[in-house]
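Here the structure is laid out as structure tokens; the discussion comes afterwards.
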There are 2 protein chains.
Amino acid sequence: MNDAPIGIFDSGIGGLTVTHSLFECLPHESTIYFGDTARVPYGPKSPATVRRYSLEILEWLLSQRIKAVVVACNTSSAHAIETLQDHSDVPVIGVIEPGARAAVAATQGGPIGVIGTAGTIASGAYQRAIHDLSPATHVEQVSCPLFVPLVEEGWFEHPASELIAREYLDPLVAAGTDTLVLGCTHYPLLKPLLARVLGEQVVLIDSADETALAVRRVLSSLDLEAGPDNPANHRFAVSDDQQRFLDVGSRFVGERLSHVEVVPLG
Amino acid sequence: MNDAPIGIFDSGIGGLTVTHSLFECLPHESTIYFGDTARVPYGPKSPATVRRYSLEILEWLLSQRIKAVVVACNTSSAHAIETLQDHSDVPVIGVIEPGARAAVAATQGGPIGVIGTAGTIASGAYQRAIHDLSPATHVEQVSCPLFVPLVEEGWFEHPASELIAREYLDPLVAAGTDTLVLGCTHYPLLKPLLARVLGEQVVLIDSADETALAVRRVLSSLDLEAGPDNPANHRFAVSDDQQRFLDVGSRFVGERLSHVEVVPLG
């Protein structure tokens, strides 16, 4: 047993969906979230830069005496996960491998679809992770750059969001996709819309939920779980502009987000 | 007469609309464009950070022996224009004052509408600039966070873009707006759509065009114009990811954007 907090980080606000899944899946665990809002987005930055920023955040989280790190950022998971694992004395869990594993388990043989930001799709990280597990599986990737701003506007069910979703997802429907990986931490908030557009025969893989399950498995296997009486405590920190984080973040995790610290990095 | 280039900078790609207007308005002038793609967007960053980044870019542009600087970035114009002017021995022209001046000249007394990113609207910079010129004018501001990603997707006439534009602009139509300032360098690419949604009675103020006209006035008043035989030469530099800049930038300036240098800053 270990009541120390779990560290979670993202380039900005999207990792709060992973945090929300952790709250649901591991209600006794304390957490510390870091959103690098001063340097968001990571997608267009070079892999070396993403690794450098991720290591700076890791160092800060480790200084807060955490027992595990969740890389709740697809870009950082794609470019920095091994570097982070090399530099950490606690377990480091990314979002890509859990999502890929769940998709491979769910598919009935139809292609697996992957949607994400332009950066995540260009990195090919999900495709590689799926092929590592199942080399013959066909993967169809589509980048959906408008989904993040739609989520940040809170337009989860707006008619414009539905038009945009149809435009992005039509090629996946046409290809006979039976499983869709939501390869961006913002996308779980669009799940009802995406399910309607795709039809109920398509299984949606929520990387946030899958990552929370992976964290539970890791903590359990290392006997690092918090005790059942641990009063879960949740801290949130950002590198800039905490007001916007508060305003938009409440869409992700509700009232548990009431106070945000500013920790300048870099 | 002076054949040295004009320096232009933006946090990313949007300033290319200003560059395009400069090409049209001043066809004999050479230009050097710098897009800070490693650190885009500036909107959510603190004013002190925006000033620091802007000064680093100014220093690089001055080292290229430019004769004037165009701050083709609304956030930098809002937070850094005076600092830049203090540190520059060549004229520095921002995008906000020319747009505000044209709007005040165009309005028939109805409110002036201003649209921009969340950061520009929150800064209140256009409202202040308009009130400096005409204190009694009523200004209606609306932030339109989805317009930049729509432009970067190239969805200038997509039905989803029209739905989104109607949602954002309905309050301005209801308020009887007679003049609309496009307070973001991406928005000129949406002009035909915005004109349709607002109706032809509303005058659209394109900050890019207005800024180019202001640059012409400044060069002329200081006798800094290029000679009529000057072979205009155009350079483009970014701080990261030149491929995406090439891909998206061609929507803004066409084939004149064929080569991009990378200049890491900071």
Side-chain angles (χ1 to χ4, degrees), chain A residues 11-13 35-50 52-53 75 117-119 121-123 142-155 157-168 186 197 238-245 247-248 262 264-266, chain B residues 11-13 35-50 52-53 75 117-119 121-123 142-155 157-168 186 238-248 262 264-266:
Chain A
S11 56
I13 211 156
D36 196 4
T37 50
R39 303 188 289 200
V40 70
Y42 282 7
K45 297 184 169 71
S46 66
T49 301
V50 171
R52 182 158 59 84
Y53 291 175
T75 307
T117 62
I121 295 305
S123 80
V142 176
S143 70
C144 305
L146 287 162
F147 281 175
V148 166
L150 283 171
V151 167
E152 297 203 348
E153 277 285 72
W155 291 17
E157 290 289 347
H158 194 281
S161 308
E162 179 153 348
L163 274 179
I164 291 168
R166 289 196 187 282
E167 173 107 10
Y168 284 145
H186 280 69
V197 168
V238 294
S239 47
D240 204 355
D241 198 11
Q242 73 267 52
Q243 191 54 51
R244 184 175 142 74
F245 188 84
D247 294 344
V248 179
V262 176
L265 286 187
Chain B
S11 57
I13 212 158
D36 196 4
T37 51
R39 303 188 288 199
V40 71
Y42 282 7
K45 297 184 169 70
S46 65
T49 301
V50 171
R52 181 159 58 85
Y53 291 177
T75 307
T117 62
I121 295 305
S123 80
V142 176
S143 70
C144 305
L146 287 162
F147 280 175
V148 166
L150 283 171
V151 167
E152 297 203 349
E153 277 286 71
W155 290 18
E157 289 289 346
H158 194 281
S161 308
E162 180 153 346
L163 275 180
I164 292 166
R166 289 196 188 281
E167 174 107 10
Y168 284 145
H186 280 68
V238 294
S239 47
D240 204 355
D241 198 10
Q242 73 266 53
Q243 190 55 51
R244 184 175 142 75
F245 188 84
L246 273 171
D247 293 344
V248 179
V262 176
L265 285 189

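- A search for side chain to side chain donor-acceptor pair (under 3.5 Å) contacts involving Ser239(B) returns Asp36(B), not counting sequence neighbours.
- Put simply, the side chain of Pro149(B) does not reach to within 4.5 Å of the side chain of Pro145(A), judged on heavy atoms.
- At a threshold of 4.5 Å between non-hydrogen side-chain atoms, the residues His158(B) and Glu167(A) count as touching.
- Two residues are said to be in side-chain contact when any heavy atoms from C-beta on lie closer than 4.5 Å; Asp241(A) and Lys45(B) fail this criterion.
- Only the backbone of Val40(B) comes within less than 4.5 Å of a heavy atom of chain A; no side-chain atom from C-beta onward does.
- Counting heavy-atom pairs closer than 4.5 Å to chain B, the top residue among Leu146(A), Leu163(A), Val148(A) is Leu146(A).
- Counting heavy-atom pairs closer than 4.5 Å to chain A, the top-ranked of the candidates Ala122(B), Ala118(B), Ser46(B), Pro159(B) is Ser46(B).
- Remark: Tyr53(A) engages Tyr42(A) in a ring-ring contact (aromatic ring centres under 6.0 Å, His included) (not counting sequence neighbours).
- Rounding to the nearest 0.5 angstrom, the gap separating the CD atom in Glu153(B) from the OG atom in Ser143(A) is 6.5 Å.
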